[in-house]
Structure formats: C-alpha cells, structure tokens
There are 2 protein chains.
Amino acid sequence: MTVADVAREAGVAKATASRALGGYGAVSDEARDRVLAAAEALGYRPNELARSMNTGKSKTIGVVVGDIENGYFGLAMRGISDAAKRAGYDIILVNTSEDVEAEIDAVRLLLDKRVDGLIVAPASAYRTEHLREVHQSGHPLVLLDRRIESLPAVSVGVDIAPAARAATRALVAEGHRRIAFVSALGTDGERYSGLPLGVSSVTDRLVGILQGLEETGIPISPELIRFEAHGAEKTHAVIADLLALSEPPTAILLSDSLVALNVLLAFRELGIKVPRDVSVVAFDDVDWAAITDPPMTVVSQPIYDVGVTAAEELLRLMRGMAPDATTLRLPAALVERDSIGPVAVSAQ
Amino acid sequence: MTVADVAREAGVAKATASRALGGYGAVSDEARDRVLAAAEALGYRPNELARSMNTGKSKTIGVVVGDIENGYFGLAMRGISDAAKRAGYDIILVNTSEDVEAEIDAVRLLLDKRVDGLIVAPASAYRTEHLREVHQSGHPLVLLDRRIESLPAVSVGVDIAPAARAATRALVAEGHRRIAFVSALGTDGERYSGLPLGVSSVTDRLVGILQGLEETGIPISPELIRFEAHGAEKTHAVIADLLALSEPPTAILLSDSLVALNVLLAFRELGIKVPRDVSVVAFDDVDWAAITDPPMTVVSQPIYDVGVTAAEELLRLMRGMAPDATTLRLPAALVERDSIGPVAVSAQ
DNA sequence: TTGTATGCGTTATCAG
DNA sequence: CTGATAACGCATACAA
C-alpha cells in the first residue's frame with residue numbers, strides 16, 4: 001500500500017494524497033476526507049524510510065552508552081526515552097561495553113542511518129576525534145554524564161563535586177583522617193598521579209573529595225586513592241590491600257553503586273562491620289541502598305532528570321536553537337543514613 | 001557526498017561505484033581500487049536510508065519493553081544488543097511503561113520505520129490484536145519473557161515453574177504451611193480467582209508454587225496470594241495486611257526483585273526479622289541479593305541468555321528459517337542462601 | 001566487467 | 001487548491 005494506491009482509490013493525484021496524508025500544504029476538506037477514507041480502507045501505512053529520505057529527518061536519535069545493564073544508564077535511558085517520545089522521536093540504542101573502538105563504529109553507523117542527533121556517554125576523554133568530527137560537521141550532539149574539556153559540545157551531567165566535598169566533610173566531622181576513594185575506572189594499572197582522570201565524572205568526585213580534605217587540613221595520601229576495582233575479585237583485592245596498609249583508611253568513598261556492592265561483599269567476606277570498623281559513603285542512591293545493613297549514606301544523583309535534560313537539549317539543538325548552556329550540571333545531594341560512624345578506637 | 005560523486009571522481013559509472021562500495025556484483029580489481037580510493041578521499045559515507053529503501057532491509061530490529069529501568073529488562077536488553085550487534089543489526093528501543101496503548105503505537109511506528117523484526121515483551125495477555133496482526137502479516141516477531149497462549153509466535157523466556165515448585169518445597173521442608181505469594185501485577189483491585197493471570201511469567205510462578213503446595217498436601221489459601229504490590233506504599237500495605245491475618249503467612253515468595261526490595265523495606269519498618277519472623281524467597285537473583293541481611297535465597301534466572309536467545313531466534317526468523325521451537329524456556333535454579341528458616345515457635 | 005535506465009515511496013517544485 | 005514531474009541516494013535488471 002503506497003500513496004499511489006491511496007490516490008487512485010480516492011480519485012486524486014499522488015501529490016494531493018501525499019499532502020492530505022502528511023498533513024501539510026493546502027488540501028480541500030473534501031479531498032482530504034476522500035484520501036483519509038481511502039487510506040483507512042486500504043490499511044495504508046506510510047513508509048517512514050522514504051519519508052525520511054527527502055525530508056532529511058529520520059525522527060530518530062542515537063544514544064551511545066557504555067553499559068545499559070548498569071542501573072545508572074538504565075535510568076538515564078528512561079529519561080531520554082520519555083523526553084524523546086514526547087517530541088515524537090525514536091531511539092536507536094547502542095551499547096559499547098565501554099570500548100572506544102565500538103563507540104567510534106557506533107557513531108559512524110548511526111550517522112549513516114541518518115539519525116537527527118546523538119547523545120553519547122564518551123568511553124574515553126582521550127580518544128575523542130570521532131566526537132569532534134561529529135560536532136564540527138554540525139550534527140547535533142549532547143554528551144551524557146561525562147564532558148570532554150577540549151570539545152565545546154553541550155554536556156549534561158551531575159554537579160557532583162560539591163556533594164563529594166560534603167560527603168568528605170561529613171566523614172571528617174566524625175573524626176576520620178584516613179579517607180580512601182575506590183573507583184572501577186581503568187587506568188592500565190597505574191597508580192593515582194594527579195588529575196584529571198580519563199572520565200570526567202570520576203575526576204569530579206575526586207576534585208570534591210580533595211577539596212574537602214584540603215579545607216579541613218587533612219593531607220592527601222595517594223595510596224588511599226584506588227582504581228581498577230571492577231568485578232568482585234579485583235575489588236576484594238583492592239579492599240584487602242587498603243586494609244593491610246600500616247595506616248589503613250577508617251572511611252571509604254565508593255565511586256558508584258557497583259563498586260559499593262562489591263565492597264560490601266568484600267567486607268562481608270573479611271568480617272568488616274560498617275560503620276564500626278570502616279565508615280562508608282557511596283555515590284549514587286541506588287534503590288537497594290536503603291536496605292543494606294546499616295542503610296547506606298549516599299550521594300544522590302538526579303539521573304532520570306539528567307536523561308530528560310540531555311534529550312531536551314538535543315531537541316533544542318536539532319531545532320537549530322542555541323543550547324541553554326554548554327555545560328549543564330544538575331545538583332547532587334548527600335543523603336545521610338547510617339554508614340558513617342565515629343573512628344574506631346583501635347584505629348585512632 | 002553520494003555514489004555519484006565517488007563515481008565521477010573515480011571515472012566510472014554510478015553502478016560500478018555502487019557495486020564496489022556495496023561489495024556485491026562483479027567489479028574489476030582496478031575499478032574497485034579507484035572507487036575505494038575516491039570514496040576515501042571524498043570522505044564518502046553511504047546513506048543507509050536510501051540503501052534500505054530498495055533492499056527492503058533496514059538492518060534494524062525493534063525492541064519493545066515495559067520498563068528499561070528495571071534491571072531485568074536492562075540485562076535482557078544487553079543480551080539482545082550483543083547478539084544483534086554480532087549480526088550487524090542496530091536496535092530501536094521503545095519503553096512503554098507497561099502501557100498497552102503505548103505498545104500498540106510503538107509496534108505500528110516501528111513497522112512504519114521498516115524494522116526487519118520485532119522483539120516484544122507484551123504488556124498484556126489480553127490486548128494482543130496488534131501482535132497477532134504483526135505475526136500474521138509475516139513480520140518476524142519474538143515474544144520476550146511473556147508468552148501469549150493464543151498467539152503461535154516464538155516466545156523466549158524462563159522455565160520458572162519448576163524452580164518455583166522447588167522454592168515452595170524448600171519452604172515446606174522447613175515446616176512452613178502458610179506460604180504467601182506477592183506480585184506487583186495489576187489486577188484492577190481484584191483478588192486471586194484462578195489462573196491464568198494477565199502476564200504469563202507471573203502465572204508460571206504461581207503454577208509452580210501451587211504444584212509444590214499440592215504435592216506436599218498443603219491446602220491453597222487464596223487470601224495468601226496477593227497482587228498490586230507496586231511501589232513502597234502499596235507493598236507495605238499488602239504486607240501489613242498479610243501479617244494481620246488470623247493465620248498469617250510464615251513464609252513469602254516475592255514475584256520479582258522490585259517487590260523483594262519493597263518487602264524488605266516494609267519488614268524493616270515493621271520490625272520483622274528474616275528468617276526469624278518470616279522466611280523469604282525472591283524471584284530473580286539480582287546483584288544485591290547477596291548483601292541483604294541475611295543473604296537472600298532466590299530463584300536465579302538466565303536473563304542475559306534469554307535476551308541473546310530472543311535475538312538469535314529473531315535472526316533465524318529474519319533469515320527465513322524455521323524457529324528452534326515456538327516456546328523456548330531457559331532453566332531457572334534455586335539459589336539457597338539464608339532467608340529460609342524454620343517456622344517461628346509463636347506461629348506454629 | 002561495465003554502463004544505462006528504472007524503481008523504491010515520499011516530499012517538494014512549479015505550473016495550471 | 002490540484003496535478004504532473006522532479007528529486008532524494010542507492011540498488012538492480014538488462015544491455016553492451
């Protein structure tokens with residue numbers, strides 16, 4: 001069933017049928033009625049591919065994320081999806097497994113499929129030529145969660161540093177001076193040797209933490225800043241290593257909910273009690289944070305809204321409007337529950 | 001940059017350039033080299049929309065789920081995505097918020113965009129005309145997680161009944177005779193009045209449970225079968241109601257991980273201890289199940305594999321091959337941890 | 001092996 | 001307001 005069929009059935013020209021069906025141009029009421037009736041009768045459905053071809057618009061946006069299985073992106077995805085749907089857009093979702101090569105391919109393929117815009121959570125802050133090309137060639141692009149300093153594209157994420165600072169100060173207020181940070185970020189085995197890191201959202205956490213430390217006059221100990229904690233085993237090793245230090249941490253900040261989960265698992269295996277032995281604060285107020293023992297103090301992030309905002313900014317860009325700002329950060333907040341306690345006597 | 005540009009640059013006809021670029025038909029090595037070089041020089045990228053238009057294939061599959069934010073679908077999505085990518089397919093993801101109308105629209109729109117196939121987790125077992133149409137019109141369709149009795153389309157899910165039966169028997173083995181089942185399924189306020197339910201995956205759980213009960217000679221108590229437990233408040237109400245019964249349950253089976261979370265939350269508020277006061281088994285071995293207090297006994301489901309299998313079955317269908325089977329069920333397993341205990345003395 | 005001409009289903013242009 | 005006709009970018013039957 002094509003427009004031609006409908007036109008013939010309605011006794012009008014293709015152009016008229018097309019106008020009536022597409023709801024544009026000028027069509028007499030009578031002609032429109034005949035066309036619509038014919039379309040209904042024939043069960044006509046437009047071929048969106050053909051339509052896209054000469055409008056140049058596909059009513060589709062591409063979303064490229066590292067791990068859709070991760071609750072963080074799942075929720076952001078939901079926000080993107082809801083906002084996009086409201087505007088009549090569909091979403092092509094590509095999961096890169098945090099692999100830059102896969103990201104490069106994905107971006108190219110999505111452009112080949114003529115998506116109207118792109119939302120990308122960049123896997124790396126270093127390999128960014130492909131995104132720069134996209135941006136410079138005028139394709140609407142919004143960076144999700146992570147920003148790239150050298151790329152003036154719009155980025156939408158969470159203003160995490162202030163909350164990280166607040167979390168750190170909350171720890172210091174309970175007497176903690178040996179405060180560790182554990183992240184799953186891949187650093188090719190290298191130890192911490194200064195900012196920035198490869199992923200801005202992790203950098204921002206650390207920036208806030210270091211600021212909180214400095215303000216309270218606590219010296220920064222590079223040996224307490226740890227990466228590569230992905231997976232239960234590696235995380236267990238990182239925690240065991242940290243605890244074996246001559247001056248072990250009395251508090252640990254956990255970079256994301258997956259790290260938090262693995263750390264709690266390691267604690268259980270090692271017989272560590274929170275907050276008796278170690279105090280803990282995790283980034284991201286995941287749903288299960290309230291049922292851990294004890295309920296976990298966390299930095300809550302408006303992830304769904306980040307998704308909504310990212311999509312809305314992209315829509316602005318696609319309409320040719322100026323973005324609200326080149327870097328949009330939504331506020332995070334410290335949600336105090338019971339995983340912070342005073343420093344254990346034996347550790348003081 | 002179009003094929004025409006490349007052809008001109010390479011000094012060949014459009015058709016030759018098209019063949020060289022598309023990697024089909026017969027092209028001399030020399031011509032191919034010239035075309036590829038020209039394409040490279042001009043930065044040519046194919047317009048996949050145009051390509052799709054006359055091949056009839058879009059290399060895209062549509063996936064329609066109720067809630068991408070839900071870890072279950074997030075993981076299944078990952079499986080689908082991985083399998084699809086291996087075969088060179090992209091995915092258009094639509095979230096329906098478990099709304100049938102949204103599902104109907106989504107299916108129609110995806111077809112308009114000429115997806116090559118569809119994977120749908122049906123929101124309802126009753127409103128299925130749209131899916132029947134899709135199937136009957138010959139479009140490759142795979143049902144995810146939930147099957148529809150009257151629809152002979154391929155469905156891929158988990159063989160949950162045997163595991164539900166095993167879970168029930170494990171409960172009975174510890175002396176439980178008052179065993180409840182709590183689900184988030186919407187039933188318009190109606191109480192349980194027989195099978196099947198609106199969602200086959202929930203029906204299957206109940207079938208297994210009832211079977212386990214019958215086999216062990218325990219009478220079925222309709223008042224212990226509860227629905228509508230979605231959200232923390234409603235779940236709290238359901239639990240409070242259950243516990244206020246003259247003969248309250250000593251064990252509860254939780255239909256999914258979200259229900260489990262809300263029930264644990266309600267327990268905490270009500271001062272109920274697991275398994276001292278109530279024993280618990282939850283469906284779906286969500287990542288945090290191992291860190292609850294105590295670690296939770298669960299029915300583990302191979303969700304990622306369900307996603308992979310669904311995508312692979314769809315690929316078979318799209319290739320015109322017969323499906324492996326019309327109903328594919330992957331095995332579930334009872335993972336025993338510590339949330340099942342003997343019946344409390346006061347309740348016996 | 002290569003080139004020519006035509007079709008895919010729309011929208012857009014321009015007379016009428 | 002309507003109709004014929006030309007794009008859109010590519011694939012493909014057919015001829016050379």
Side-chain angles (χ1 to χ4, degrees), chain A residues 1-39 42-60 88 90 108-116 137, chain B residues 1-39 42-60 88 108-116 137 139:
Chain A
M1 287 306 130
T2 75
V3 206
D5 298 315
V6 175
R8 191 178 326 111
E9 177 79 11
V12 299
K14 265 173 36 175
T16 303
S18 195
R19 280 187 279 255
L21 260 10
Y24 63 96
V27 188
S28 66
D29 290 349
E30 195 227 324
R32 188 194 328 283
D33 290 347
R34 283 227 307 283
V35 170
L36 264 30
L42 297 176
Y44 167 82
R45 294 264 76 213
N47 181 329
E48 293 294 344
L49 288 183
R51 183 172 281 179
S52 295
M53 221 170 94
N54 34 21
T55 58
K57 270 79 194 62
S58 61
K59 281 287 181 180
T60 305
D90 278 330
R108 197 158 26 104
L109 248 54
L110 286 171
L111 255 23
D112 291 351
K113 286 205 174 173
R114 296 303 188 265
V115 294
D116 295 337
S137 63
Chain B
M1 286 304 130
T2 75
V3 209
D5 298 315
V6 175
R8 192 180 322 110
E9 177 79 11
V12 299
K14 270 174 30 178
T16 303
S18 197
R19 282 187 276 254
L21 260 11
Y24 61 95
V27 188
S28 67
D29 290 349
E30 194 225 327
R32 188 194 328 282
D33 290 347
R34 283 227 308 282
V35 170
L36 263 29
L42 296 175
Y44 167 82
R45 293 264 77 214
N47 182 328
E48 294 293 344
L49 289 183
R51 184 171 279 179
S52 295
M53 217 167 101
N54 36 24
T55 59
K57 269 79 196 64
S58 62
K59 280 286 178 182
T60 305
R108 197 158 25 105
L109 248 55
L110 287 170
L111 255 21
D112 290 352
K113 287 204 174 175
R114 297 301 189 264
V115 294
D116 296 335
S137 63
H139 290 280

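Below, all heavy atoms of this structure are taken into account, side chains as well, without hydrogens, waters or symmetry copies. Proteins get letters first, then strands, A, B, ... in listed order; numbering begins at 1 in each.
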Quiz item: Below 4.5 Å, heavy atoms only, C-beta onward: do B/N47 and A/R114 meet side chain to side chain?
Solution: yes
Self-check item: Residue mapping more 5' on DNA chain D - nearest nucleotide basis, A/A26 or B/G22
Solution: A/A26
Quiz item: Roughly how far, to the nearest 0.5 Å, is the CZ atom of A/R45 from the OG1 atom of A/T2?
Solution: 14.0 Å
Quiz item: Atom CG of A/D116 and atom OG1 of A/T60: how far apart are they, to the nearest 0.5 Å?
Solution: 6.5 Å
Self-check item: Nucleotide of D/dG9, C/dG9, D/dT2 approaching A/T16 most closely (side-chain heavy atoms)
Solution: D/dT2
Exercise. For the side chain of A/V3, starting at C-beta, report the closest nucleotide among D/dA4, D/dC10, C/dT10.
Key: C/dT10
Exercise. Could you check how far CZ of B/R8 sits from P of D/dG9, rounded to whole Å?
Key: 12 Å
Quiz item: Starting at NZ of A/K14 and ending at C1' of C/dA12, how long is that distance when rounded to a whole Å?
Solution: 12 Å
Quiz item: Would you say A/Y44 reaches C/dT10's phosphate, i.e. side-chain N/O to OP1/OP2 under 4.0 Å?
Solution: yes
Quiz item: Below 4.0 angstrom from OP1 or OP2 of D/dC10, is there any side-chain N or O of B/S18?
Solution: no
Self-check item: Selection from D/dA11, C/dA12, C/dG9 that lies nearest to any side-chain heavy atom of A/M53
Solution: C/dG9
Quiz item: Which part of the nucleic acid, if any, lies within reach of A/R45 when heavy atoms closer than 4.0 Å are counted: base, sugar-phosphate only, or nothing?
Solution: sugar-phosphate
Quiz prompt | d(CG, B/N54; C1', C/dC8) in whole Å | solution = 6 Å
Exercise. Hey, which sits more toward the 5' end of DNA chain C by its nearest nucleotide, B/V27 or B/R114?
Key: B/V27
Self-check item: Distance in angstrom units between B/D5 CG and D/dC10 C1', rounded
Solution: 13 Å
Quiz item: Looking at the side chain of B/A31, which of C/dG3, C/dT10, C/dT2 is the nearest nucleotide?
Solution: C/dT2
Quiz item: Within the distance-only criterion (no hydrogens, no angle test), does the side chain of A/T55 pair as donor or acceptor with the backbone N or O of A/R51 below 3.5 angstrom?
Solution: yes
Exercise. Measure the distance from NZ on A/K113 to P on D/dG9 and round it to the nearest whole Å.
Key: 19 Å
Quiz item: From the list D/dC10, D/dG3, D/dA13, which nucleotide is the closest neighbour of the side chain of B/R19?
Solution: D/dA13
Quiz item: Looking at B/T55, does any N or O in its side chain come under 4.0 Å of the phosphate oxygens OP1/OP2 on D/dA11?
Solution: no
Quiz item: In whole angstroms, how far is the P atom of D/dC10 from the CG atom of B/L49?
Solution: 10 Å
Quiz prompt | Euclidean distance, A/T16 OG1 relative to A/R32 CZ, rounded to 0.5 Å | solution = 11.0 Å
Practice problem: Ignoring backbone atoms, establish whether B/S28 has a side-chain N or O less than 4.0 Å from OP1 or OP2 of C/dT1. | Solution: no
Self-check item: Separation of atom CD in B/E48 from atom C1' in C/dC8, rounded to whole Å
Solution: 16 Å
Quiz item: Which one, C/dT10, D/dC10, C/dG3, comes nearest to the side chain of A/N47?
Solution: C/dT10
Quiz item: Say you draw a straight line from CD of B/E9 to CE of B/M1; how long is it, rounded to the nearest 0.5 Å?
Solution: 9.0 Å
Exercise. Provide, to the nearest angstrom, the distance between the NZ atom belonging to A/K59 and the P atom belonging to C/dT11.
Key: 13 Å
